[in-house]
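Written out below as structure tokens is the structure these notes cover.
As the structure is a computational prediction, the values presented were derived from the model and not from experiment.
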Amino acid sequence: MWALVQDGQVTKTFNYAKGFVLNDTQYPKDIFTKWSQAEKEAIGIYEIIVDKTNYKDTEYYINTNSTIAFANGQVTESWGTATAKRLNDENAVDENNQPILEDGVQVINYGLKTEKKRIVKDQAAGLLAKTDWYVVKATEVADYTVPANITTYRAAVRTKSNQMETAIDGAANVDALKALYEYTDDGNGNITRPLGEWPEEVI
């Protein structure tokens with residue numbers, strides 16, 4: 001991306017190379033790739049430097065709109081301070097701070113913890129669904145018993161699901177929640193995350 005700077009102010013931005021008119025002169029699009037930096041800057045065209053210092057993961061934060069400004073001979077795109085998304089559930093209220101109800105029931109604004117736990121529950125349900133037929137067969141066929149390894153696996157999935165939800169509930173803030181999902185390498189080739197992993201599937 002580039003910006004046109006006039007009188008110390010950014011007056012136009014270019015997301016891609018294209019021809020333009022400046023001071024009654026038509027410039028072709030190839031100046032963006034063929035001209036040197038000094039040549040472009042001589043007519044006010046600066047490459048935009050992206051500063052993501054304040055930009056945060058949109059899964060956990062709400063970022064401000066970016067701003068593009070000229071200072072100290074550079075054009076920079078930057079963001080303001082990001083706001084952490086809601087961590088915990090809260091009752092929805094209107095502009096007068098009165099409860100919002102639907103059919104007489106309080107509307108809830110769900111937080112990140114609830115969203116993450118829903119994902120865990122859905123993943124657990126998906127894993128268990130693959131072996132549900134063993135359980136169904138055991139209820140329909142009198143002399144059939146669910147294999148021990150299947151029973152053990154299903155119990156392990158439920159245990160891990162509970163552990164993951166407990167870890168999510170225990171996160172003190174958004175950064176702590178985010179850290180549960182971040183993988184690290186211990187230097188010996190073991191890549192793990194604090195949230196842990198699901199048991200190896202058994203079919």
Using modelled atom types and a 3.5 Å cut-off, is there a donor and acceptor pairing between side-chain atoms of [X] and backbone atoms of [Y]?
| X | Y | answer |
| --- | --- | --- |
| D89 | G111 | yes |
| N54 | A82 | no |
| D103 | V105 | no |
| K40 | W35 | yes |
| T166 | N162 | yes |

| Is the cationic atom of K18 (NZ for Lys, CZ for Arg) positioned less than 6.0 Å from the six-membered ring centroid of F20 and within 45 degrees of its normal? | no

| said: Would K116 and Y181 count as a cation-pi pair here, with the cationic atom under 6.0 angstrom from the ring centre and within 45° of the axis? | reply: yes

Atom pair [atom1] ([X]) and [atom2] ([Y]), whose distance is rounded to the nearest 0.5 Å:
| X | Y | atom1 | atom2 | result |
| --- | --- | --- | --- | --- |
| M164 | K117 | CE | NZ | 14.5 Å |
| I31 | I43 | CD1 | CD1 | 4.0 Å |
| R86 | T114 | CZ | OG1 | 10.0 Å |
| T151 | N149 | OG1 | CG | 8.0 Å |
| N188 | D186 | CG | CG | 4.5 Å |
| K52 | E77 | NZ | CD | 8.5 Å |

Flag if over 12 foreign heavy atoms under 6.0 Å of [atom1], [X]:
| X | atom1 | result |
| --- | --- | --- |
| N173 | CG | yes |
| N96 | CG | yes |
| E200 | CD | no |
| E201 | CD | yes |
| E197 | CD | yes |
| Q37 | CD | no |

Does any non-hydrogen side-chain atom of [Y] lie less than 4.5 Å from one of [X]?
| X | Y | value |
| --- | --- | --- |
| T81 | T64 | no |
| I45 | Y27 | no |
| N63 | K56 | yes |
| W79 | V50 | yes |
| N91 | I108 | yes |

Check [X] against [Y] and note the closest heavy-atom contact, atom names and distance.
| X | Y | answer |
| --- | --- | --- |
| E59 | D57 | N-OD1, 2.9 Å |
| W198 | A124 | CH2-CB, 3.7 Å |
| P147 | Y144 | CD-OH, 3.4 Å |
| L101 | V107 | C-CG2, 4.1 Å |
| L112 | K85 | CD1-CB, 3.9 Å |
| V75 | V10 | CG1-CG2, 4.1 Å |

Are [Y] and [X] connected into the same hydrophobic cluster when the rule is that any two of I, L, V, M, F, W, Y join if their side-chain heavy atoms are below 4.5 Å apart?
| X | Y | answer |
| --- | --- | --- |
| V202 | V146 | yes |
| V141 | I150 | yes |
| V174 | Y55 | no |
| L22 | W2 | yes |

| message | Under 4.0 Å between a side-chain nitrogen and a carboxylate oxygen: does that hold for K34 and E39? | response | no

| Is D132 salt-bridged to R154, going by a charged N under 4.0 Å from an acidic O? | yes

| said: Can you confirm whether the side chains of T53 and D51 place a donor and an acceptor under 3.5 Å from each other? | reply: yes

| R193 vs L180, side-chain contact (heavy atoms from CB on, under 4.5 Å): CA-CA, chis, key distance, verdict | CA-CA 6 Å; R193 63 177 183 174; L180 292 175; over 6 Å; no

| Derivation of the side-chain contact (heavy atoms from CB on, under 4.5 Å) call for V5 and T11 | CA-CA 6 Å; V5 176; T11 59; over 6 Å; no

